[in-house]
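Notes follow once the structure below has been shown.
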Amino acid sequence: MNKMTLEALKTELCEYLAGAAAAYFPSAVLPAKEELEAQLKASLEYPPDPSMGDIAVPCFKLSKILRSAPPAIAAKLGEGIAEKLPFIEKAEIAGGYLNLTISGRFYREGLLPAILDAKEKWGGSDVGRGKTVVIDYSSPNVCKPFHIGHLGTTVIGHSLKLLLEAVGYKVIGINYIGDWGTQFGKMIVAFDKWGDRSATEKRGVDELLDLYVRFHREAENDPSLDDMARAEFRKIENGDERNLELWKWFREISIEEYKKTYKLLGIEFDSWKGESFYTDKMPRQVEKLRESGLMKQDKGAWLVDLEDYKMPPCLILKSDGSTLYPTRDIAAAVYRKETYDFDLALYVTSAGQSLHFAQWFKVIELMGYDWADKLVHVPYGTISVGGAKLSTREGNMVLLRELFADAIEKVDGIIAEKNPDIENREEAAEAVGVGAVIYHYLWNSRIKDISFNMEDALSFDGATGPYVQYTYARTASILSKAGELADAQYSPGDYQPNEYESALLRQLMLLPEKVAAAIEGYEPSVITRYSYDVATAFNRLYQSTRIIGAESEEVQNFRLALTRAAGYTLKSSLGLICLKTPEKI
Ligand code: ARG
């Protein structure tokens, strides 16, 4: 048998089943062969309990076409199947199901070589080749702090980028920073009143944050500050030199700060074009809206009525003629379509912005852009820390950089205790500290509201980043101990994998399907949870079986290859959710 993935196995299996259906039920009127094969493939299930086999073929739908009872069909289709298909070991009939057990030969000769060949790219494919996706993610608002509320968009967005790249898409990551708006007016007022150039130079974004918080505190008692802020922002819009220069400076300071956090996360963006970039791109779209008659005036403001679509109107221009958040998004979408000719455009933001996206997506459609259906909003739920409601204005926001620094410090303490002589301690503490936070966050399906708990995140036991990263390091340490033995070319003999080995292989083979499912649902948590299953399966094997010093050379060779394959699978899956995998922890 040549190297073979689960996907290939399913294809061959369904080809066989379609043929068998035609042969055993000659009088049935079957759909075209390819159609039937596709239907069969889509219907395959994985029995929850491995004693029921690895793959189940439900025969209920076939019952109508083949005019026979499901158990009778299952019996016919299963007849002699293990003799005919080398990747099937056993067939059993259970009710209307044909339950199939995958053969040790498939694992040895098909799957294991396929994984060893793919290495840490295991799970990838080229289904997306030739297609382009743009992802708008992270996108913090300049001058406001980069806080825990941005964790979701940043890591979900980046994970989606990595997942799509893994299956061959060209992906453009865009950090659409909020670098335009009245917050700059507020900053200028605050800076003029209470700020100081050298303190700002020294303290950077911390100084900006203090000014921001102070502005809001003072504005509560003195609403005239807000009018002043609007006036200062208008001056920026009108090209006032001093204000523009301050704007640029505040923007630079903030970006410098973001970049530190992105570096920690291993994130680089392909584009940093933020809201300000679109100031001169909006008039064209506003004109188009005006000419098409879509835009109506209401109390001085201009808007697109969306009553027919059961949504509040989409605001395009304020009564003073200034543009709004949706106006910029419309212009940015057109620019991106013209620049990248995307096949799909994702926007990763909190669910609180769902209406905003639904509204302007509709406006794009009404404007006649035929790519409106390529725009997809990917929302996520809220995050709280220790149950407290977080607010930037109150100044009790958990900053991302502080969150990561805290995690790294704590992990460093744990490693110092567990493994004091480790040479890469700093690197390991950083990878595990940052990884713990991300893993804890990406464990839940994205739409769920979650409460962040650092202690849970940092545990080395259970469904955590440290546990899975540690398991990866364990595979690396076994391989390094085995030295030349592990480097030897893997040659499949006829060893029959034991229960723990089969259980692990059964997990490893699933990664390509998990990647597809994660992309389908824009749901990185599929991969997070999967990586835990792989780690658990490997640790069970490790605890129950001798890897180095196994009963024979052949078995040892097989187990080392399996350990390597588990390592690749862990590295690949953790990599897809933005986690690094140090060799030693
Ligand atoms: N800057 C916005 C915020 O922090 C998020 C931007 C999302 N992207 C977009 N194209 N609207 O809320």
Side-chain angles (χ1 to χ4, degrees), residues 133-158 160-161 171-184 186-187 205 208-209 212 216 233 247 250-251 254-255 257-258 261-262 267 269-279 281-282 285 314-316 323-340 342 344-364 369 371-372 374-383 390-393 397-400 446 522:
V133 182
V134 301
I135 311 187
D136 177 316
Y137 69 105
S138 201
S139 311
N141 291 331
V142 171
C143 290
K144 298 187 193 174
F146 195 24
H147 57 73
I148 193 166
H150 295 105
L151 183 64
T153 171
T154 306
V155 299
I156 293 168
H158 197 61
L160 292 177
K161 179 171 194 244
V171 187
I172 317 287
I174 301 177
N175 195 350
Y176 180 67
I177 49 174
D179 58 359
W180 206 242
T182 29
Q183 79 259 34
F184 286 95
K186 292 176 185 175
M187 285 307 301
V205 82
L208 297 186
L209 178 55
Y212 182 84
H216 284 278
F233 179 61
W247 166 76
F250 295 154
R251 187 177 180 277
S254 306
I255 289 178
E257 175 71 18
Y258 303 152
T261 303
Y262 292 136
I267 298 180
F269 290 94
D270 303 293
S271 163
W272 280 81
K273 290 195 168 69
E275 294 191 37
S276 69
F277 178 78
Y278 297 98
T279 40
K281 318 258 173 319
M282 283 181 283
Q285 302 311 317
C314 183
L315 292 171
I316 305 294
T323 55
L324 288 123
Y325 188 40
T327 328
R328 278 188 285 281
D329 258 325
I330 290 167
V334 174
Y335 174 86
R336 289 172 192 174
K337 182 66 194 171
E338 287 172 355
T339 307
Y340 304 112
F342 57 73
L344 182 68
L346 303 180
Y347 294 84
V348 186
T349 80
S350 74
Q353 297 196 28
S354 296
L355 178 62
H356 161 74
F357 284 97
Q359 286 174 307
W360 76 260
F361 286 180
K362 183 49 93 180
V363 173
I364 287 275
Y369 289 115
W371 41 269
K374 305 284 190 278
L375 304 172
V376 176
H377 180 222
V378 180
Y380 60 87
T382 60
I383 183 164
L390 305 168
S391 152
T392 310
R393 295 182 181 190
M397 204 27 116
V398 178
L399 302 181
L400 266 187
R446 62 179 156 75
Y522 306 120

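Order of listing sets the numbers, starting from 1, for every ligand and every atom in it. Being a predicted model, the structure only gives us computed values, none of them experimental.
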Regarding ligand 1, does Asp329 bring an N or O atom to under 3.5 Å of one of the ligand's N or O atoms?
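There is such a contact, yes.
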Looking only at distances, please establish whether an N/O atom of ligand 1 is found under 3.5 Å from an N/O atom of Tyr176.
no
Under 6.0 Å between ring centres, would you say that holds for [X] and [Y]?
X	Y	answer
Phe342	Trp371	yes
Phe361	His377	no
Trp180	Phe233	yes
Tyr176	Phe277	no

Short list, please: which atoms of ligand 1 are under 4.0 Å from a heavy atom of Thr349?
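So the answer, numbered in order with elements, is 7 (C).
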Could you tell me the residue and atom name of the protein heavy atom closest to [atom], and the distance to it rounded to 0.1 Å?
atom	value
atom 8 (N) of ligand 1	Asp136 OD1, 3.0 Å
atom 4 (O) of ligand 1	Asn141 ND2, 3.3 Å
atom 12 (O) of ligand 1	Gln353 NE2, 2.9 Å

Does at least one non-hydrogen atom of Phe357 fall below 4.0 angstrom from an atom of ligand 1?
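Yes, that is the case, since the closest heavy atom of the residue is under 4.0 Å from the ligand.
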Measuring from atom 11 (N) of ligand 1, which candidate in Phe146, Tyr347, Tyr325 has the nearest non-hydrogen atom?
Tyr325
On the ring face of Tyr335, is Lys337 found with NZ or CZ under 6.0 Å from the centre and within 45° of the axis?
no
So does Lys161 pair up with Asp270, basic N to acidic O under 4.0 Å?
yes
